[in-house]
Amino acid sequence: MTAIIGGISAGVSGCSVSGADKDEQMQANLANQRKVAVKLVENYPNPELESITFTSAGSVGGAGDWAARAVISVGGRDYNGILGTSLSSGDGLPTIAEDATPGLVAVTYSDGTSEMLP
């Protein structure tokens, strides 16, 4: 029994992700971060939406959905969120006025890069 457990432990601890695989995963995470940021900006056209800052790279959860933690700044106040490719959750965001015209939104990705989304 000890030999089996030892063999399993050695096999698991011997696994590693190569640099190329890590880079591919980071690029996939950044692409997903951009995708969910664009989706939030499109679905929440609040002119007071100032920024989205990703605080984690993101990963696929048990339900199979990719998601990442983010701080969403609206009207000078920060809201914590989990933005996913299928589902998102977090602090409730303020209601949008009917005649609101959305503005540019600053997005900072988990690797520190940023861009403005219309």
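Only heavy atoms go into these numbers, but all of them, side chains included; no hydrogens, no water, no symmetry mates. Index from 1, following the sequence. Keep in mind the model is a prediction, meaning the values are calculated, not measured.
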**Fill in**
What one should report as the nearest heavy-atom pair of F54 and A68 is CD2-CB, 4.0 Å
**Prompt:** Going through the checks in order, is the side chain to side chain contact (heavy atoms under 4.5 Å, CB included) test met by D78 and I72?
**Reply:** CA-CA 6 Å; D78 291 341; I72 302 148; over 6 Å; no
Got a list of side-chain donor-acceptor pairs under 3.5 Å for residues 59-66, not counting sequence neighbours?
{"residue": "D65", "atom": "OD1", "partner": "T85", "partner atom": "N", "Å": "3.3"}
{"residue": "D65", "atom": "OD1", "partner": "T85", "partner atom": "OG1", "Å": "2.6"}
{"residue": "D65", "atom": "OD1", "partner": "S86", "partner atom": "N", "Å": "2.8"}
{"residue": "D65", "atom": "OD2", "partner": "L87", "partner atom": "N", "Å": "3.1"}
{"residue": "W66", "atom": "NE1", "partner": "N29", "partner atom": "OD1", "Å": "2.9"}

Side-chain atoms of residues 94-118: list all donor-acceptor pairs with protein atoms under 3.5 Å, sequence neighbours left out, distances to 0.1 Å.
{"residue": "Y109", "atom": "OH", "partner": "E115", "partner atom": "OE2", "Å": "2.5"}
{"residue": "S110", "atom": "OG", "partner": "Q33", "partner atom": "NE2", "Å": "2.8"}
{"residue": "D111", "atom": "OD1", "partner": "T113", "partner atom": "N", "Å": "3.0"}
{"residue": "D111", "atom": "OD1", "partner": "T113", "partner atom": "OG1", "Å": "2.7"}
{"residue": "E115", "atom": "OE1", "partner": "R34", "partner atom": "NH2", "Å": "3.4"}
{"residue": "E115", "atom": "OE2", "partner": "R34", "partner atom": "NE", "Å": "2.8"}

**Prompt:** Any link between V38 and L30 through a network of hydrophobic side chains (Ile, Leu, Val, Met, Phe, Trp, Tyr) touching at under 4.5 Å?
**Reply:** yes
**Prompt:** When rounded to the nearest 0.5 angstrom, what is the spacing between CD in E48 and CG in L93?
**Reply:** 12.0 Å
**Message:** Between K39 (side chain only) and G84 (backbone N and O only), is there a donor and an acceptor less than 3.5 Å apart?
**Reply:** yes
**Gap separating the CD atom of Q25 from the CD atom of Q27, nearest 0.5 angstrom** = 10.5 Å
**Item:** D91: partners by side-chain hydrogen bond (donor to acceptor under 3.5 Å, both in side chains), with sequence neighbours left out
**Value:** none
**Request:** Starting from the C-alpha separation in whole Å, work towards a yes-or-no answer on side chain to side chain contact (heavy atoms under 4.5 Å, CB included) for I52 and L83.
**Result:** CA-CA 10 Å; I52 302 166; L83 304 180; 4.0 Å; yes
